[in-house]
Amino acid sequence: WLGMDVADYDKAEPDSSVGPFIMNPEGVARLFSIDKMNDGPFPEHYEPIESPIGTNPLHPDVVSSPVARIYNDDITNMGKADAFPYIATTYSITELFRHWTKHALLNAIVQPDQFIEIGEALASKKGIKAGDTVKVMSKRGFIKAKAVVTKRLQTLMIDGKQVDTIGIPCHWGFEGATRKGFLANTLTPSVGDANSQTPEYKAFLVNIERV
């Protein structure tokens, strides 16, 4: 083990008096946090505010986190699966990093255009072919971009329902060396995680159509 840090575990023999997790005073792993989580002490599964299934398979009485950060004015901007049946997730791509490297000419040459990634099954159902311009809509707005049809995104079976995912890279929306595009966060909801305040950019509801 190199560096200034120390390992979080020890090579203690089973049944010895030394606990293997040396960074915890009790010497064993923790599956709970007494005072470190607003929605603790035990980890729990909650659906995102915009849930594709509208229920929580583990406990139907509480679908989403009751202590998520959401303002009253934003609640009316939350979509439902009947109008927005697909999950969207934002991410970075290898050729670009956030909004920074799109100002670098070589990066812009490698990846000049904004795109939307959709699976083959969803593309077939919606009549979308690779290279088509598509419009992605949420309760908060819409963006347009070129379609990339891929085997990577598969149809999921969630609580007995078929659900498709749409991938939205987050690099466009401002001037740069790349071609001008739409801001991905036009679509995303204003919901913060109960502990980190990180927004729900990785799971929200959209619809898509060929332009």
Side-chain angles (χ1 to χ4, degrees), residues 31-33 36-93 98-99 114-119 121-123 125-126 128 134-145 147-148 150 152-173 182-209:
L31 297 178
F32 63 93
S33 179
K36 299 300 186 293
M37 297 193 301
N38 292 327
D39 53 356
F42 289 96
E44 181 57 275
H45 169 74
Y46 294 112
E47 287 291 300
I49 296 294
E50 292 190 335
S51 170
I53 58 175
T55 61
N56 189 331
L58 296 187
H59 46 71
D61 291 339
V62 184
V63 178
S64 302
S65 172
V67 289
R69 189 213 68 212
I70 181 169
Y71 299 108
N72 290 332
D73 291 345
D74 292 321
I75 293 176
T76 57
N77 285 327
M78 297 299 126
K80 301 294 184 183
D82 53 351
F84 304 98
Y86 310 117
I87 301 172
T89 187
T90 62
Y91 55 85
S92 295
I93 59 176
R98 294 295 186 261
H99 289 283
Q114 186 173 17
F115 66 88
I116 301 296
E117 184 179 0
I118 62 175
L122 179 59
K125 182 167 65 175
K126 304 291 286 189
I128 297 170
V134 293
K135 180 179 180 181
V136 180
M137 302 147 284
S138 75
K139 187 71 181 294
R140 293 156 292 279
F142 70 89
I143 67 173
K144 295 179 182 178
V148 170
T150 174
R152 197 166 75 102
L153 297 180
Q154 302 286 325
T155 301
L156 305 175
M157 184 64 71
I158 304 176
D159 198 29
K161 299 178 182 179
Q162 288 188 336
V163 179
D164 285 286
T165 303
I166 294 172
I168 305 174
C170 60
H171 311 288
W172 284 266
F182 287 79
L183 187 66
N185 284 343
T186 301
L187 303 173
T188 55
S190 299
V191 179
D193 176 78
N195 301 288
S196 68
Q197 303 301 303
T198 302
E200 287 188 349
Y201 290 167
K202 304 306 177 187
F204 56 96
L205 295 180
V206 297
N207 205 342
I208 188 171
E209 64 183 24

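Numbers here are sequence positions counted from 1.
Using a 4.5 Å cut-off on side-chain heavy atoms (C-beta onward), Phe204 and Thr90 make contact. Residues Ile70 and Ser190 fail the side-chain proximity criterion, which asks for heavy atoms closer than 4.5 Å. Side-chain contact check for Ile128 versus Ile208: some heavy-atom pair is nearer than 4.5 Å. Using a 4.5 Å heavy-atom threshold, the side chains of Leu122 and Leu153 count as separate. At a threshold of 4.5 Å between non-hydrogen side-chain atoms, the residues Ile143 and Leu183 do not count as touching. Between Tyr86 and Asn207, some side-chain heavy-atom pair lies under the 4.5 Å cut-off. Between Glu47 and Pro52, some side-chain heavy-atom pair lies under the 4.5 Å cut-off. You'll find the side chain of Asp39 reaches within 4.5 Å of the side chain of Asn195, heavy atoms only.
For residues 155-166, the pairs satisfying side chain to side chain donor-acceptor pair (under 3.5 Å) are Thr55-Asp159, Thr155-Asp164, with sequence neighbours left out. Screening residues 136-145 for side chain to side chain donor-acceptor pair (under 3.5 Å), with sequence neighbours left out, gives Glu50-Arg140. Sorted by first then second residue, the salt bridge (charged side-chain N to carboxylate O under 4.0 Å, His left out) pairs that include residues 70-88, not counting sequence neighbours, number zero.
Between Trp172 and Phe115, the ring planes lie perpendicular to each other; the angle is over 60°, past the 30° to 60° tilted range. In this pair, Tyr46 and His59 present their aromatic rings perpendicular. The plane angle is above 60°, beyond the 30 to 60° band.
The backbone N or O of Val62 sits less than 3.5 Å from a side-chain atom of Asn56, completing a donor-acceptor pair.
Summarising the geometry, atom CZ belonging to Arg69 is positioned 11.0 Å from atom CD1 belonging to Ile49; distances are rounded to the nearest 0.5 Å. One finds the OG1 atom of Thr186 at 13.5 Å from the CE atom of Met137 (value rounded to the nearest 0.5 Å). Rounded to the nearest 0.5 angstrom, Glu200 CD and Ser65 OG are separated by 8.5 Å. Atom CD1 of Ile87 and atom CG of Leu205 lie 7.5 Å apart (nearest 0.5 Å). The structure places CZ of Phe182 at 12.5 Å from CD1 of Ile168, a figure rounded to the nearest 0.5 Å. Atom OG in Ser51 sits 13.5 Å away from atom CE in Met78 (nearest 0.5 Å).
A pairwise comparison of heavy atoms in Ala184 and Pro169 identifies CB-O, 3.9 Å as the closest pair. Between Val63 and Gly54, the shortest heavy-atom contact is CG2-O, 3.9 Å.
Within 6.0 Å of the CG atom in Leu31, the count of heavy atoms belonging to other residues, nucleotides or ligands does not exceed 12.
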